[in-house]
Each structure stands twice: as structure tokens, then as C-alpha cells.
Participant: 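The structure under discussion is supplied below as C-alpha cells; questions concerning it will follow.
Bear in mind the structure is a predicted one, so any value in this text is a computation, not a measurement.
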Amino acid sequence: MAKLIVLFALCVLPALAVATRPMRTPFTVEGRVFCDPCRAGFETSATTYIPGATVRLECRDRKTMDIRYTKEGRTDSTGTYKIPVTEDHEDQFCDAVLVSSSRKDCAAAAPGRDRARVILTGYNGIASYNRFANAMGFMKNEAVSGCAQILKQLQEFDE
């Protein structure tokens, strides 16, 4: 009986301690926010990146879709945001969501490019704790000059 207690103490208790301790290596959610001057809905050669844009990370419960976690971040001078997350969100849907643009001339969220799904769990076989979200974008109110030519060039590559 004493051997069984010692075996239990050596095997099970350390595993329980590891499972209940907080995560030491946080996730980093990283992405970029762009301005679409051509109103194309995607990045083109005319695209610029927005410094000072606000992005929110939202994690929702899979069943109820209630928000369980939020954290905001801002883009740097290159339009890149990095949001540190210390918790594992294994059973939640997490999205990076556009909140606001720092540019008044490019402040309307591009349809379909206003959010990006990210997976925030260490239990999926991904070795890195860096998570990269697809680029999200805002559009100008009206397309700038030269966009017709840019879009025509893209169409020629498509054929």
C-alpha cells in the first residue's frame, strides 16, 4: 500500500500541478491593418498600412457565443498590431476585429475584411505561440485616381 501511495505521489501529483499552473509562454496575436484606396476589398499595390488603428481580440463560448475574453491593441508605424494573450482559449472562437481607424479619410471597414479568426490553444500541434491573423482593412469613401489601371492589371494576370 505504501508503494502505491509513493507511486501516486510521484506520477499523478506533478501532472496535476502542471495542468493547473498558469501558462508561462503567452500567445501573441499579430496582424496588419490596411487602407484600401481602390475599394477593391483586398490589398493592391496602392494599399497603405494604418498606424494607430485599434483592433480588439474577442473570444466567444462555442455554445452560447457569449464573449468570454476581450483585449485591445493598436497598430504601430507599420500598421502591425501585436496583442499578448496569457490564457489558453481551447474551447472558444477567437477573432481579431477592427474597432477604429486613425485615418478619417479611410475609416469604413471593408466588408469581409473586418475580422480574422485566430486559434488560441496550445493543444493543436502548433509549436509556436505566435498566431498570425489575416490582414484586415478599411476603405476610402471614394476610389482614388489610378485604381482602374491597377485593377485592370490584376485582371490581366488572372486570365
Participant: For residues Phe132 and Ile119: do they belong to one hydrophobic cluster (side chain heavy atoms under 4.5 Å, members Ile, Leu, Val, Met, Phe, Trp, Tyr)?
Facilitator: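 Per the 4.5 Å side-chain linkage, Phe132 and Ile119 are not co-clustered.
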Participant: When rounded to the nearest 0.5 angstrom, what is the spacing between CZ in Arg68 and CZ in Arg62?
Facilitator: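 The distance works out to 13.5 Å.
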Participant: Tyr129, Tyr69: one ILVMFWY side-chain cluster at the under-4.5 Å cut-off?
Facilitator: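 Tyr129 clusters together with Tyr69.
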Participant: Between Val29 and Tyr81, is the side chain to side chain contact (heavy atoms under 4.5 Å, CB included) condition met? List the steps.
Facilitator: CA-CA 8 Å; Val29 176; Tyr81 63 89; 4.3 Å; yes
Participant: Specify the closest pair of heavy atoms between Gly122 and Phe27, including all atoms of both residues, with the distance to one decimal.
Facilitator: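 So the two residues come closest at N-CZ, 3.5 Å.
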Participant: Ignoring hydrogens, what is the shortest heavy-atom contact between Cys147 and Pro37? Give both atom names and the distance.
Facilitator: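 Result for this residue pair: SG-O, 3.7 Å.
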Participant: Rounded at 0.5 Å granularity, tell me how far CG in Asp88 sits from OG1 in Thr121.
Facilitator: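 It comes to 3.5 Å.
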Participant: I need the minimum non-hydrogen distance between Arg39 and Ala143, along with the two atoms involved.
Facilitator: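 It is CD-N, 3.7 Å.
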Participant: Please report the shortest heavy-atom distance between Asp36 and Ala40, naming the atom on each side.
Facilitator: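 Result for this residue pair: OD2-N, 2.8 Å.
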Participant: Identify the heavy atoms of Leu57 and Ala96 that sit nearest to each other, and give their distance.
Facilitator: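 Between these two residues, the closest heavy atoms are CD1-N, 4.2 Å.
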Participant: So which atom in Ala46 and which in Cys38 form the shortest heavy-atom distance, rounded to 0.1 Å?
Facilitator: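 Answer, listing the atom of Ala46 first, then Cys38: CB-SG, 4.0 Å.
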Participant: In Å and rounded to the nearest 0.5 Å, what is the CD1 to CG distance from Ile67 to Asp61?
Facilitator: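 These two atoms lie 11.5 Å from each other.
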Participant: If you measure from CZ on Arg131 to NZ on Lys82, what distance do you get to the nearest 0.5 Å?
Facilitator: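 Result: 15.0 Å between the selected atoms.
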Participant: Would you check if there is a donor-acceptor pair between the side chains of Tyr49 and Glu43 at a distance under 3.5 Å?
Facilitator: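 Checked: Glu43/Tyr49 side chains pair up, N/O donor to acceptor below 3.5 Å.
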Participant: Counting neighbours of CD on Glu72 that are heavy atoms of other residues, nucleotides or ligands and sit closer than 6.0 Å, is the number greater than 12?
Facilitator: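 Count over threshold, so yes.
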Participant: Between Thr75 (side chain) and Ala53 (backbone), is there a donor-acceptor pair under 3.5 Å?
Facilitator: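 Yes, because the side chain of Thr75 sits within donor-acceptor range (under 3.5 Å) of the backbone of Ala53.
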Participant: Return yes if some donor-acceptor pair links the side-chain N/O of Arg117 with the main-chain N/O of Phe93 below 3.5 Å, else return no.
Facilitator: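 Between the backbone of Phe93 and the side chain of Arg117 there is no qualifying donor-acceptor contact (under 3.5 Å).
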Participant: Contact between Thr80 and Glu30 at the side-chain level, heavy atoms closer than 4.5 Å - yes or no?
Facilitator: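 Side chain of Thr80 against side chain of Glu30, heavy atoms only: contact under 4.5 Å found.
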Participant: Verify the cluster assignment for Phe34 and Met139: are they in a single hydrophobic cluster under the rule of side-chain heavy atoms below 4.5 Å apart?
Facilitator: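 Hydrophobic grouping puts Phe34 apart from Met139.
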Participant: Can you confirm whether Arg103 sits close enough to Thr48 that some side-chain heavy atom of one is under 4.5 Å from a side-chain heavy atom of the other?
Facilitator: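 Yes, side chains in contact.
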Participant: Is there a side-chain contact between Arg60 and Asp95 in this structure, where contact means two heavy atoms from C-beta onward sitting under 4.5 Å apart?
Facilitator: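 Answer no - side chains too far apart.
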Participant: Kindly indicate whether the side chain of Leu120, heavy atoms from C-beta on, has any atom under 4.5 Å from the side chain of Glu87.
Facilitator: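 Result no, sub-4.5 Å side-chain heavy-atom pair not found.
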Participant: Supply the atom-to-atom distance Asn134 CG to Arg113 CZ, rounded to the nearest 0.5 angstrom.
Facilitator: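 Answer rounded to 0.5 Å: 6.5 Å.
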Participant: Is there a side-chain contact between Lys140 and Asp105 in this structure, where contact means two heavy atoms from C-beta onward sitting under 4.5 Å apart?
Facilitator: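 They are in contact (side-chain heavy atoms under 4.5 Å apart), so the answer is yes.
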Participant: So how far is it from Thr78 OG1 to Arg32 CZ, rounded to the nearest 0.5 Å?
Facilitator: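 Thr78 atom OG1 to Arg32 atom CZ measures 5.0 Å (nearest 0.5 Å).
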